[in-house]
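Data first, discussion second: the structure below is written as structure tokens.
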Amino acid sequence: MKRSRIYLVLALGVLTAALFGTASAATQTAPANTAPPTITGTASVGQTLTAENGTWSNSPTTYQYQWLRCGATGDSCVGIPGATAKTYLVVAADRGHTLRVRVTAVNADGAVNARSAQTAVVGPNSGAPQNQTRPTITGDTTVGELLTADPGTWSNTPTSYAYQWQRCDLDASVCFDVGGATNKAYGVRDADVGYRLAVVVTATNSSGKNTAKSALTDFVEPTTPPAKNSKPTIKLISVRFAGARVYARVRICDDSYKNLTIVETDSRPNKASYTRRFSTRLAPQPCGVYTRNWVPAPRFRGHGRYTITIKATDKSGSTSVPVKRTFFR
């Protein structure tokens, strides 16, 4: 009887050991770092650094990041507020410091962190963006259509782009900004007829900014071509003085699609008039905007009334109705 109780106690002991042994084998552990995190990228203001997780045992399910600003030798590190993503944009406050990243590996049984080695001492900006391939424009240059700008490619990691659309003369490539046209997309409008369009892109980073301009589009066409006419038509868009020089911008439409002559006449009371001629280098197709400039003859300078008269003559000799502008100077 005593021997039977002894066997029973031994059997219970073996069973208990087996049970506890099985439980111990099933217990999981938190991640353990086997190779520290690393940082890729250039440690200079305006550049982006990327954290590499390193290697870990015990199957982490997620990783968390905290970027640290440290002394020149990698000591005295403090967490950078808000810098908790896998990537980090180096800012001016980092200059003269080194950077580390603390990676926290997490699984169901715990979280463990490990730090990278420090970067090199953060240097100054690597420079403002520099254009590598110029901006481009896609879309149809017909009134009512939508054009879209691509900023092109830039060095030194721009952080933002700004856009300014311009109208440019058909043949002289004289361009001016379109008021309020500062989005990436641009809707072609009636006022663009006869112009060519361009977009100026400004790329910015913490070092500064630079601009680049696209090539010009084709001329802007109306939705319906103008009615056939036997002579050109001309509209005076603007006339202005810049010092002694006069700048005049006109829109000419003609159905011949051939180059023509712009005829300009200066006149003043009690003075002999003076006429000059300008040849276009590109024909209106069917409309074109042209800017011409000149310095009036000495007899037209000084105070008084000064009248500018402009007309267009096509290859057949047909001449538009003239347009005029009078100044009192």
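From a predicted model like this one, the values you see are computed outputs, not experimental measurements.
Using modelled atom types and a 3.5 Å distance limit, the side chains of Thr138 and Thr148 yield no donor-acceptor pair. For the residue pair Thr313 and Thr261, no side-chain donor N or O sits within less than 3.5 Å of a side-chain acceptor on the partner. No donor-acceptor contact under 3.5 angstrom links the side chains of Thr38 and Ser116, judged on distance only. Under the 3.5 Å distance criterion, with hydrogens and angles disregarded, no donor-acceptor pair is assigned to the side chains of Arg102 and Asn113.
Using a cut-off of 4.0 Å between Lys/Arg side-chain N and Asp/Glu carboxylate O, Arg167 and Asp192 are scored as salt-bridged.
No single ILVMFWY cluster, assembled from side-chain heavy atoms under 4.5 Å apart, contains both Tyr195 and Val193. Criterion: ILVMFWY side-chain heavy atoms under 4.5 Å apart, direct or through other members. Under it, Leu99 and Tyr65 are part of a common hydrophobic cluster. Val45 and Leu68 are members of different hydrophobic clusters when ILVMFWY side chains are connected at heavy-atom separations under 4.5 Å. Ile237 and Ile234 sit in two unconnected hydrophobic clusters of ILVMFWY residues. Membership requires side-chain heavy atoms under 4.5 Å apart, directly or through other members. Criterion: ILVMFWY side-chain heavy atoms under 4.5 Å apart, direct or through other members. Under it, Ile308 and Tyr274 are part of a common hydrophobic cluster.
With rounding to the nearest 0.5 angstrom, the OG atom of Ser256 is 10.5 Å from the CD atom of Gln285. Once rounded to the nearest 0.5 Å, the distance linking OG of Ser155 with CD of Gln132 reads 4.5 Å. Taken to the nearest 0.5 Å, the CG atom of Asn33 stands 11.5 Å off from the CG atom of Asn58. Atom CG of Leu197 sits about 8.5 Å away from atom CG of Leu216, to the nearest 0.5 Å. Expressed to the nearest 0.5 Å, how far CG of Asp177 lies from CD of Gln166 amounts to 5.0 Å. Atoms OG1 and CZ, on Thr265 and Arg277 in that order, are 7.5 Å from each other to the nearest 0.5 Å.
Residues Arg251 and Ala191 come closest through the heavy atom pair NH2-O, 3.0 Å. Residues Arg245 and Val295 share a closest heavy-atom pair of NH2-CG2, 3.4 Å. The shortest non-hydrogen separation linking Gly110 to Pro31 is O-CD, 3.6 Å. Across every non-hydrogen atom of Tyr247 and Ala242, the tightest pair is CE1-CB, 3.7 Å. In plain terms, the two heavy atoms of Ala128 and Gly208 that are nearest each other are CB-C, 3.8 Å. For the residue pair Pro269 and Arg305, the shortest heavy atom distance occurs at CG-NH2, 3.3 Å.
Under the 3.5 Å distance criterion, the side-chain polar atoms of Asn205 are matched with a main-chain donor or acceptor of Asn156. With Asn210 contributing its side chain and Pro129 its backbone, the two residues share a donor-acceptor pair below 3.5 Å. In this structure a side-chain-to-backbone donor-acceptor pair under 3.5 Å is present from Arg268 to Arg301. The backbone N or O of Val200 sits nowhere less than 3.5 Å from a side-chain atom of Lys213 that would complete a donor-acceptor pair. In this structure, Arg196 contributes its side chain and Cys175 its backbone to no donor-acceptor pair below 3.5 Å. Between the side chain of Ser320 and the main chain of Ala312, a donor-acceptor pair closer than 3.5 Å is present. Of the possible polar contacts, one joining the Trp165 side chain to the Asn183 backbone as a donor-acceptor pair under 3.5 Å is found. A distance-only check finds a donor-acceptor pair linking the side chain of Thr280 to the backbone of Leu260 [under 3.5 Å]. Although no hydrogens or angles enter the test, the distance criterion places no donor-acceptor pair under 3.5 Å between the side chain of Glu52 and the main chain of Thr50. Under the 3.5 Å distance criterion, the side-chain polar atoms of Thr98 are matched with a main-chain donor or acceptor of Gly71.
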**Prompt:** Between Asn259 and Lys315, does a side chain to side chain contact (heavy atoms under 4.5 Å, CB included) hold up when you go through it step by step?
**Reply:** CA-CA 7 Å; Asn259 279 316; Lys315 293 297 184 183; 4.2 Å; yes

**Request:** Applying side chain to side chain contact (heavy atoms under 4.5 Å, CB included), run through Trp154 and Tyr161 and close with a yes or a no.
**Result:** CA-CA 11 Å; Trp154 299 76; Tyr161 297 101; 3.5 Å; yes

**Item:** Worked check of side chain to side chain contact (heavy atoms under 4.5 Å, CB included) between Val188 and Thr142
**Value:** CA-CA 6 Å; Val188 185; Thr142 302; over 6 Å; no

**Request:** Determine, step by step, whether Thr42 and Ser44 satisfy the side-chain hydrogen bond (donor to acceptor under 3.5 Å, both in side chains) criterion, reporting the C-alpha distance in whole Å, the side-chain angles of both residues, the deciding distance to 0.1 Å, and the verdict.
**Result:** CA-CA 6 Å; Thr42 301; Ser44 60; 5.5 Å; no

**Request:** Output, in order, the C-alpha distance, side-chain angles, deciding distance and verdict of side chain to side chain contact (heavy atoms under 4.5 Å, CB included) for Lys258 and Asp314.
**Result:** CA-CA 7 Å; Lys258 294 181 180 179; Asp314 66 18; over 6 Å; no

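Applying the salt bridge (Lys or Arg N to Asp or Glu O under 4.0 Å) rule to Arg292 yields the partners Asp171; only residues at least two apart in sequence or on another chain are considered. Residues passing the salt bridge (Lys or Arg N to Asp or Glu O under 4.0 Å) test with Glu264, sequence neighbours excluded: Arg276.
Under the 4.5 Å side-chain criterion, counting only non-hydrogen atoms from C-beta, Arg189 is in contact with Val178. Counting heavy atoms from C-beta on, the side chains of Arg325 and Ile310 never come closer than 4.5 Å. Within the 4.5 Å cutoff, the side chain of Cys70 has no heavy atoms near those of the Gln118 side chain. When side chains are defined from C-beta on, Tyr290 counts as touching Leu170, because their heavy atoms get closer than 4.5 Å.
Proximity of the aromatic rings of Phe300 and Phe327 is defined here by a centroid distance below 6.0 angstrom, and this criterion is not met. Aromatic rings of Tyr186 and Tyr163 (six-membered ring for Trp) have centroids beyond the 6.0 Å cut-off, not under it.
Note on ring orientation: taking the six-membered ring where Trp is involved, the planes of Trp67 and Tyr88 are parallel (angle under 30°, cut-offs 30° and 60°).
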